[in-house]
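Inspection log for the structure reproduced underneath, given as C-alpha cells.
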Number of protein chains: 2
Amino acid sequence: MKLSTKGQYGVRAMFDLAQHFGQGPVSLKMVAERQDISEHYLEQIIAGLRKAGLVNSIRGAQGGYILSKEPSAITVGDIIRVLEGPVAPVDCVNEELTERCARADQCITKMIWAKVRDSIEQVIDGITLADMVKEAEKMRFAEGNYMYHI
Amino acid sequence: MKLSTKGQYGVRAMFDLAQHFGQGPVSLKMVAERQDISEHYLEQIIAGLRKAGLVNSIRGAQGGYILSKEPSAITVGDIIRVLEGPVAPVDCVNEELTERCARADQCITKMIWAKVRDSIEQVIDGITLADMVKEAEKMRFAEGNYMYHI
DNA sequence: ATAAATCCTACTATTTTAATAGGATTTCTT
DNA sequence: AAGAAATCCTATTAAAATAGTAGGATTTAT
C-alpha cells in the first residue's frame with residue numbers, strides 16, 4: 001500500500017511550482033534543490049507531467065516550468081494518476097481495464113477494494129495545489145509566531 | 001498505490017475460512033482450489049497470519065486452519081497489516097517509524113498522505129470477515145433469484 | 001503403514017523502482 | 001557570435017520487491 005517516490009516527488013515538485021506561480025518559469029535545478037530531489041530523476045518525472053499537460057516548459061537559458069493551469073485547478077489526484085497510473089489497489093477495480101475480473105461473480109473482495117479506491121480518490125481529488133500553498137502559508141505564520149515568543 | 005497479491009490472497013483465504021467457520025479445520029488445498037491460488041504460495045501467506053495469531057492450525061491428516069476468533073472480530077485491516085505492513089502511503093506518516101521525516105517542518109505533503117492513510121484505515125478497519133460472509137450470502141441470493149426468473 | 005496435512009528453508013525468475021550517464025537541442029545574455 | 005543555462009531524450013543499471021517454486025521434514029487421522 002505504498003506510493004512510489006515518483007508520486008511523492010511529483011506532488012512536491014508541483015507544489016513547488018504552485019508556490020512560485022505567477023513569477024515566471026521555474027528551473028528544475030531550483031525545484032530539485034529546494035525539494036532535495038535528484039535533478040536528473042526529477043527530469044523524468046516532470047516529463048510525464050508535461051506530456052499529460054499539467055505543466056508547460058520553456059526551453060533555453062532562463063527557461064523552466066510553469067503550471068499549465070491555476071493551482072486551484074490542479075488536484076493531487078491529477079498528479080498521482082499521471083505518475084502512478086489509475087488509483088486501484090488491485091486490478092479488478094481498475095476502471096481502465098475493460099476485461100472483467102475472471103471470477104467477478106464470487107469476487108466479494110472486489111467491493112472492498114472499490115471502497116478503498118473511492119476513499120483514496122475522495123481525498124486526493126479534493127486537495128488542490130492552491131489548498132497546499134494556503135496551508136503552507138498558515139504553517140509558516142504559526143512557525144513565525146512561535147519563534148517570536150521564544 | 002497497489003496492494004500486492006499477498007494482501008489480496010490473504011484476505012480471500014481468510015474470507016474462505018470465515019465462510020466455513022464452525023465446520024472444523026479447513027485444509028489449504030481446499031482454500032487454494034476454491035480461491036484459485038497456488039497452494040504453496042498460500043502456505044507462506046497463511047504462515048504469517050498464523051504467527052500473527054489470526055488463525056490456528058491443526059497438523060496431520062484431516063487437519064487445516066481455523067480462524068482464531070469469530071469472523072466478526074477480524075477486520076480486513078487486521079489481515080492487511082500483517083501481510084503488507086502498516087498502512088502508510090509514504091514513510092513519513094508511518095506511525096511505527098519513530099524517527100521523524102527529516103524535513104517535517106516543510107513537509108506539507110505529509111498531511112496529505114496522513115489523510116489518505118486515515119481514509120484507507122477507516123475503510124479496511126470497518127469491514128469484518130462476518131460482514132463479507134453476510135454480503136456474499138446476499139449476492140448468492142440475488143443470483144439465485146435471477147437464475148430462477150430466466 | 002499410509003496418506004493427508006502442516007511446517008520450514010532456500011532458491012529463482014521477473015518486474016518495478018530509483019536512479020545515473022551522456023549527450024542533443026534550444027534560447028537568453030553578453 | 002560565443003557561451004551558459006536550460007530543457008529534452010534514450011539508454012543503462014543496481015537494488016529491491018514480487019510472486020512464486022522446489023524439496024523435503026514433521027505430525028496425525030484412518
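As a basis for the values below, the full set of heavy atoms in this structure was taken, side chains included, without hydrogen atoms, waters or symmetry mates. To find a chain, count down the sequence lines: A is the first, B the second, and so on, and within it residues start at 1.
The distance between atom OH of A:Tyr41 and atom P of C:dT20, rounded to the nearest whole Å, is 10 Å. Counting to the nearest Å, the C1' atom of C:dC8 and the CD atom of B:Gln44 are 10 Å from each other. Between the CD atom of A:Glu84 and the P atom of C:dA18 there is a distance of 8 Å, given to the nearest Å. The nearest whole Å value for the distance from the CG atom in A:Leu49 to the P atom in D:dC8 is 12 Å. What separates CD of B:Glu39 from P of C:dA4 is a distance of 12 Å, to the nearest Å. Whole-Å rounding puts the A:Lys2 NZ to D:dA16 C1' distance at 14 Å. Rounded to whole Å, atom C1' of D:dT7 lies 13 Å from atom CG of A:Asn56. Summarising the geometry, the separation between CD on B:Glu33 and C1' on C:dA4 is reported as 14 Å, rounded to the nearest angstrom.
Taking only side-chain nitrogens and oxygens, A:Tyr9 never comes nearer than 4.0 Å to OP1 or OP2 of C:dA18. One finds no side-chain N or O of A:Arg50 lying less than 4.0 angstrom from the OP1 or OP2 phosphate oxygen of D:dT7. Between D:dA5 and A:Ser27, no contact under 4.0 Å exists linking OP1 or OP2 to a side-chain N or O. For the OP1/OP2 pair of C:dA19 and a distance below 4.0 Å, the side-chain nitrogens and oxygens of A:Ser38 include no atom meeting the criterion. Within the 4.0 Å cut-off from OP1 or OP2 of D:dC8, at least one side-chain nitrogen or oxygen of A:Ser57 is found. Between A:Thr5 and C:dA18 there is a side-chain N or O to OP1 or OP2 distance below 4.0 Å.
When each of C:dT20, D:dA6, D:dT18 is scored by its nearest atom to the side-chain atoms of B:Ser4, the top-ranked nucleotide is D:dT18. Nearest nucleotide to the side chain of A:Tyr65, out of C:dT17, D:dC8, C:dA21: D:dC8.
Taking 4.0 Å as the cut-off between side-chain N and carboxylate O, B:Asp36 and B:Arg12 do not count as a salt-bridged pair.
DNA chain D is contacted by both B:Gln8 and A:Ala61; A:Ala61 maps to the nucleotide lying nearer its 5′ end (nearest heavy atom per residue). Of the two residues contacting DNA chain C, namely B:Lys51 and A:Lys6, the nearest-nucleotide position lying further toward the 5' end is that of B:Lys51. Looking at which nucleotide of DNA chain C each of B:Glu43 and A:Gly63 is closest to, the 5′-most match is held by B:Glu43. Both A:His40 and A:Gly60 lie close to DNA chain D; mapped to their nearest nucleotides by heavy-atom distance, the more 5′-ward contact belongs to A:Gly60.
For B:Gln62 against C:dT6, no side-chain N or O and base N or O form a donor-acceptor pair under 3.5 Å. One donor-acceptor pair, N or O on each side, does fall under 3.5 Å between the base of C:dT6 and the side chain of B:Arg59.
No option in B:Val31, B:Val55, B:Asp16, B:Leu54 other than B:Val55 meets the side-chain contact (heavy atoms from CB on, under 4.5 Å) test with B:Tyr65.
In the displayed structure, A:Gln122 atom CD is contacted under 6.0 Å by at most 12 heavy atoms of other residues, nucleotides or ligands.
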How far apart are the C-alpha atoms of B:Glu43 and B:Leu28, what are their side-chain angles, what is the distance that settles it, and do they pass the side chain to side chain contact (heavy atoms under 4.5 Å, CB included) test?
CA-CA 7 Å; B:Glu43 233 175 55; B:Leu28 270 200; 3.8 Å; yes
Going through the checks in order, is the salt bridge (Lys or Arg N to Asp or Glu O under 4.0 Å) test met by B:Lys134 and B:Glu137?
CA-CA 5 Å; B:Lys134 207 171 163 185; B:Glu137 263 155 30; over 6 Å; no
Using side chain to side chain contact (heavy atoms under 4.5 Å, CB included), reason through A:Asp91 and B:Lys2 one step at a time and then give a plain yes or no.
CA-CA 9 Å; A:Asp91 277 337; B:Lys2 284 266 183 277; 3.8 Å; yes
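Residue contacts shown for A:Ile46 are absent, as no nucleic acid heavy atom lies under 4.0 Å away. Using a 4.0 Å heavy-atom cutoff across all strands shown, B:Leu28 reaches sugar-phosphate atoms only and no base atom.
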